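See below for the structure under consideration.
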Amino acid sequence: MANKSVIKNVNEHVGETVVIGCWVNNKRSSGKIQFLQLRDGTGYIQGVVVKSEVPEQVWDDAKSLTQESSLYVTGIIREEPRSQSGYELTVTGIEVLHLTENYPITPKEHGVDFLMDHRHLWLRSSKQRAVMVIRAEIIRAVQQFFNERGFTKVDPPILTPTSAEGTTNLFHTKYFEEDAYLTQSGQLYMEAAAMALGRVYSFGPTFRAEKSKTRRHLIEFWMIEPEMAFTDHEESLCVQEDFISFVVQSVLTNCRAELEAVGRDVSKLENIKAPFPRISYDDAIKFLNEKGYEIAWGDDFGAPHETAIAEMSDRPVFITHYPASFKAFYMKPHPDRPEVVLCADMIAPEGYGEIIGGSQRIDDPALLEARFKEHNLSMDTYKWYMDLRTYGTVPHSGFGLGLERTVAWICGLDHVRETIAFPRTLYRLYP
């Protein structure tokens, strides 16, 4: 009785007969030999069917196979240096499960809209599979990083009564008789968790109802949001750069084949090691003016500005100490310059923009109350958030990493729509 295996583990069965459940990715024939390109989700392997060495039924079954037909294939695993995986399957038996007809995604070029309409099938392609594997490795590395450093994972609510940042770009729903919104950030709740557990992180879906169509934006996306009690702005920056370095190096170690499949220049990732360069908002404005950009102090940066700043280095760049005027109400002012806040955005190289936004949070209850009034926020709604300052307030900092932008950067993708299995964009809710 042959042992079942998956393609990823065939190195453990050299010389043995195995059974693999798989799909036909492609096939070709040279008369008396058929070459089956097989995939099972864990990897790819070539199955070789030699007419003179198999029963006639096996040969006929192999001939009948079409793209994306499913089967159990039995064969002997052999080492094959010319193969990309280093192994090959000498086929001895085939059990056809389903013969696929007219598979819509063929090797020819298809438009993006067509591929997105068939996203459920496009995921089967080698590049899209590789992106999903890299995404999974990033998630694994994220959890390892925080778990090894004493952070506790806490899950904030998805339905909330308020916005975390005072924005109106929220999805509204009814929570029985009350108004509710799909969360745009778990941060405020993570601050509460940090006051209970010290160092925490969340990892979950967030939603923005902005009508944005840029290559950097999704409507539904995933955020990693750590929050740290007794931690100032500078300490938080050190955590952030160590975090990104750890994640990138983990992908390089564990996903070389997938990075190759997406065509990534890994030399650009090998340089991603802490520490990262930093530039203040003030100096960034001067730098941009010298480069010919018309931008004044007090203006926020757009994509071209961030890209120009990112080109200063082959590693991510921190832009620090933004004006308080366009940053969130909870950010702590600089003690010597109250017009700027203790915050930073981490800008990824190669034009991928902001991947992390973080700050030290206001811990003075009187100042936070003043911010509520400035931003016209209801004290009744945010009473629980004020309680965090009323009962044992401490210096604390946190940040948020956008998973999809990070996947896009690490994979070198043109658009974030390929970074998640079923993207939700401005005009796409199907499939």
Side-chain angles (χ1 to χ4, degrees), residues 6-8 39-44 105 112 115-116 118-148 153 155 158 185-186 201-208 214-226 240 243-266 268-270 272 316 346 348-357 399-425 428 431:
V6 293
I7 293 171
K8 183 179 180 181
R39 66 170 191 87
D40 71 345
T42 73
Y44 298 83
I105 300 178
V112 170
L115 291 171
M116 293 306 297
H118 294 83
R119 182 62 174 169
H120 51 296
L121 302 178
W122 189 27
L123 281 173
R124 302 181 185 188
S125 71
S126 58
K127 180 183 176 183
Q128 299 307 312
R129 173 200 169 271
V131 172
M132 291 301 104
V133 171
I134 292 168
R135 178 189 172 103
E137 172 59 22
I138 291 170
I139 292 170
R140 189 207 62 77
V142 165
Q143 294 174 324
Q144 181 184 350
F145 179 87
F146 289 116
N147 292 344
E148 289 180 352
K153 184 176 181 295
D155 301 315
I158 291 174
S185 168
Y201 75 102
S202 66
F203 194 160
T206 52
F207 308 84
R208 296 281 172 98
T214 80
R215 68 188 185 94
R216 297 180 181 181
H217 288 87
L218 291 172
I219 303 301
E220 175 185 298
F221 55 100
W222 287 67
M223 290 283 289
I224 297 97
E225 296 183 279
Q240 292 173 46
F243 172 47
I244 292 299
S245 301
F246 181 87
V247 169
V248 171
Q249 296 307 314
S250 292
V251 173
L252 281 169
T253 299
N254 298 317
C255 294
R256 284 277 174 169
E258 286 75 20
L259 289 168
E260 183 178 334
V262 300
R264 187 59 159 125
D265 179 355
V266 296
K268 294 183 182 297
L269 299 177
E270 287 166 347
I272 309 301
M346 184 190 290
E350 304 172 73
Y352 283 91
E354 177 196 338
I355 54 172
I356 286 182
F399 59 93
L401 171 81
L403 176 60
E404 285 72 25
R405 283 193 190 178
T406 305
V407 174
W409 162 51
I410 291 176
C411 291
L413 302 175
D414 292 333
H415 200 294
V416 291
R417 65 184 160 224
E418 293 183 45
T419 63
I420 189 168
F422 297 98
R424 295 294 174 249
T425 58
R428 182 162 298 280

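All values derive from a computational prediction rather than experimental measurement.
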Exercise. What distance do Ile224 atom CD1 and Thr406 atom OG1 have between them, rounded to the nearest 0.5 Å?
Worked result: 6.5 Å
Problem set entry | Counterpart residues, side chain to side chain donor-acceptor pair (under 3.5 Å), relative to Thr425 (two or more places apart) | none
For this session: List the atom of Cys411, the atom of Val262, and the distance in Å for their closest heavy-atom pair.
Result: O-CG2, 3.6 Å
Seminar exercise, completed: Closest non-hydrogen contact found for Gly41 with Arg129 is O-NE, 3.0 Å
Problem set entry | Sub-4.5 Å side-chain heavy-atom contact between Arg119 and Phe422 | yes
Donor-acceptor pairs under 3.5 angstrom involving side-chain atoms of residues 413-421: please list them, not counting sequence neighbours.
| residue | atom | partner | partner atom | Å |
| --- | --- | --- | --- | --- |
| His415 | ND1 | Arg417 | N | 3.0 |
| Glu418 | OE1 | Gln128 | NE2 | 2.8 |
| Thr419 | OG1 | Val416 | O | 2.5 |

For this session: Using the test ring pair (Phe, Tyr, Trp, His ring centres under 6.0 Å), find all partners of Phe145 that sit at least two apart in sequence or belong to another chain.
Result: Phe243, Phe246
For this session: Kindly indicate whether a cation-pi arrangement holds for Arg424 with Phe221, taking the cut-offs as under 6.0 Å to the six-membered ring centre and within 45° of the axis.
Result: no
Seminar exercise, completed: His118 meets the ring pair (Phe, Tyr, Trp, His ring centres under 6.0 Å) criterion, sequence neighbours left out, with Phe114
For this session: Identify the two heavy atoms, one from Pro431 and one from His120, that lie closest to each other, and give their separation to 0.1 Å.
Result: CG-ND1, 3.9 Å
For this session: Please identify each residue that fulfils side chain to side chain contact (heavy atoms under 4.5 Å, CB included) with Glu260, with sequence neighbours left out.
Result: Gln84
Problem set entry | Derivation and outcome, side chain to side chain contact (heavy atoms under 4.5 Å, CB included), residues Trp409 and Ile272 | CA-CA 12 Å; Trp409 162 51; Ile272 309 301; 3.8 Å; yes
For this session: Mind listing the closest non-hydrogen atom pair of Val407 and Val131 along with its distance?
Result: CG1-CG1, 4.1 Å
Exercise. Do you know the tightest heavy-atom contact between Ala261 and Ala130?
Worked result: CB-CB, 3.8 Å
Seminar exercise, completed: side chain to side chain donor-acceptor pair (under 3.5 Å) pairs touching residues 249-258, sequence neighbours excluded, are Glu137-Asn254, Arg256-Glu270
Exercise. So does Arg208 pair up with Glu220, basic N to acidic O under 4.0 Å?
Worked result: no
Seminar exercise, completed: Minimal heavy-atom distance between Tyr352 and Arg405, with the atoms involved, is O-CD, 4.4 Å
